[in-house]
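Some notes on the structure that comes next.
Every value quoted in this text rests on a predicted model; they were computed, and no experiment measured them.
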Amino acid sequence: MNVRRSAAVLAATAVIGAATPAVAASPSPTPSVAIPSGLYGSTDPTYDGVWRQSLALLAQDTAGVKPAGKAVDWLTGQQCANGSFAAFRADPAQACDAKLMVDSNSTAAAVQALAALGGHEAAADKAVGWLKSVQNADGGWGYAPGGASDTNSTSVVVGALAAAGEKPAEVVKGGKSPYDALVELALPCAAGGAFAYQPDKQGKLAANADATAAGVVGALGEGLAAEAAAKTAAATCAAPGTPRQAAANGAAYLAKSVAKDGYLTSVLPGAENQPDYGNTADAVVALAAQGGAEQARGPLAWLQRNAAAWAKQSGPAAYAQLIFAAHATGTDPRAFGGTDLVAALNATGPTPQQTGKATGGLQRDDSDEKDSDDGFGVWWTVGVFLVAGIGIGFLISGRRKRRP
């Protein structure tokens with residue numbers, strides 16, 4: 001999934017990319033579980049249901065759309081009694097138990113969506129309480145409770161804290177805040193100034209574009225639907241002693257990475273480089289949040305020319321990412337390179353109550369109809385099993401509007 005996620009998911013999508021064209025249309029197999037009528041997307045939600053729903057609802061809110069009540073109810077119904085969220089619960093009536101894998105990413109994404117929609121303060125506060133309870137001693141978060149901190153997970157939690165009205169710098173464990181954890185995961189300028197996902201077994205950091213896009217926004221105290229900074233200056237690299245400088249260093253790395261072709265790449269050893277549409281969208285948000293919308297014009301223009309087919313195949317989370325990129329740069333998501341991203345997102349799930357700005361009216365009346373080309377879930381599921389087979393876990397991660 002080309003959204004906030006771990007290096008494990010990056011590996012999974014790379015495996016998939018080597019097996020299939022990046023934006024080729026593919027049939028959707030029958031999901032292994034029934035697709036709830038309130039859920040966005042038509043593919044198996046086992047590994048990404050809460051994530052894609054949260055992104056869809058947050059993107060709709062960002063675009064002035066009032067989501068369908070049953071879509072919001074589906075998300076709130078996924079919450080466990082302790083405040084956490086799992087990737088998906090097929091039977092929300094069944095109590096969460098120790099066998100259910102809850103995670104920081106699903107929980108933090110749900111907080112960002114529910115906080116934006118309003119009226120769900122109790123659920124959001126309970127989720128934040130759970131996130132605080134599983135904070136690591138270095139101030140960060142891993143995907144699963146007790147897992148080593150990583151840039152992606154820490155950043156999406158920072159966005160959730162800010163969205164819920166918390167001050168991330170004051171959420172500490174062992175005297176460390178999430179900003180401390182992010183600075184520790186930032187590479188020096190001699191190594192490019194990027195963020196690493198996690199240290200390797202020898203404690204070394206390696207630049208990771210996906211983690212960098214997440215880390216920039218997290219270090220700024222922003223969420224998934226970040227807005228552009230007021231300034232319009234290109235970032236320069238310096239010693240990453242503060243969260244803001246670490247963000248500037250990461251932005252400088254991203255700007256250099258997209259300067260030639262306008263996009264980030266997803267690479268499998270032995271395979272040709274492929275455009276990574278989702279990470280490029282994330283980079284647009286990061287560049288705009290750190291240095292102003294003008295700094296993201298190059299990759300934004302590339303997405304406008306090339307991302308429509310990818311989003312159609314990949315489904316609601318992909319449409320949401322592009323809407324976030326449009327939002328961060330002041331671009332109309334209803335005229336994004338000739339595509340109405342908002343209408344396309346709305347068509348993947350329950351009909352919204354209101355569509356906000358005029359889009360020619362609601363696109364359909366069948367609230368249960370789903371986009372049959374929502375192919376991301378197909379390849380996500382395949383990728384998870386492929387990666388699991390070689391001993392790699394999975395993760396998805398992301399941020400909102402507050403700065404350290």
Keeping the roles fixed (side chain from [X], backbone from [Y]), state whether a donor-acceptor pair exists under 3.5 Å.
| X | Y | result |
| --- | --- | --- |
| Gln198 | Ala148 | yes |
| Thr107 | Ser104 | no |
| Trp51 | Ala109 | no |
| Lys176 | Asn136 | no |
| Asp261 | Tyr263 | no |
| Thr212 | Phe195 | yes |
| Ser84 | Cys80 | no |
| Asp210 | Ala213 | no |
| Gln60 | Asn346 | no |
| Tyr40 | Pro350 | yes |

Which pair of non-hydrogen atoms, one from Cys189 and one from Ala239, has the smallest distance, and what is that distance?
SG-N, 4.4 Å

Please check if the distance between the ring centroids of Tyr277 and Trp302 is under 6.0 Å.
yes

With a 4.5 Å limit on heavy-atom distance, are the side chains of [X] and [Y] in contact?
| X | Y | result |
| --- | --- | --- |
| Asp138 | Asp180 | no |
| Pro36 | Lys70 | no |
| Trp130 | Gln79 | no |
| Val157 | Pro178 | no |
| Met101 | Tyr143 | yes |
| Lys231 | Gln290 | yes |
| Arg52 | Leu39 | yes |
| Pro243 | Val183 | yes |

To the nearest 0.5 Å, what is the distance between [atom1] ([X]) and [atom2] ([Y])?
| X | Y | atom1 | atom2 | result |
| --- | --- | --- | --- | --- |
| Asn279 | Ser266 | CG | OG | 7.5 Å |
| Phe324 | Leu55 | CZ | CG | 4.5 Å |
| His327 | Asp61 | NE2 | CG | 9.5 Å |
| Ser54 | Gln78 | OG | CD | 9.5 Å |
| Thr339 | Leu322 | OG1 | CG | 9.0 Å |
| Glu184 | Thr151 | CD | OG1 | 11.0 Å |

Can you list everything that forms a salt bridge (Lys or Arg N to Asp or Glu O under 4.0 Å) with Lys132? Sequence neighbours excluded, please.
Glu166

Please list all pairs meeting salt bridge (charged side-chain N to carboxylate O under 4.0 Å, His left out) that have one or both residues in residues 285-301, counting only residues at least two apart or in different chains.
Glu294-Arg297

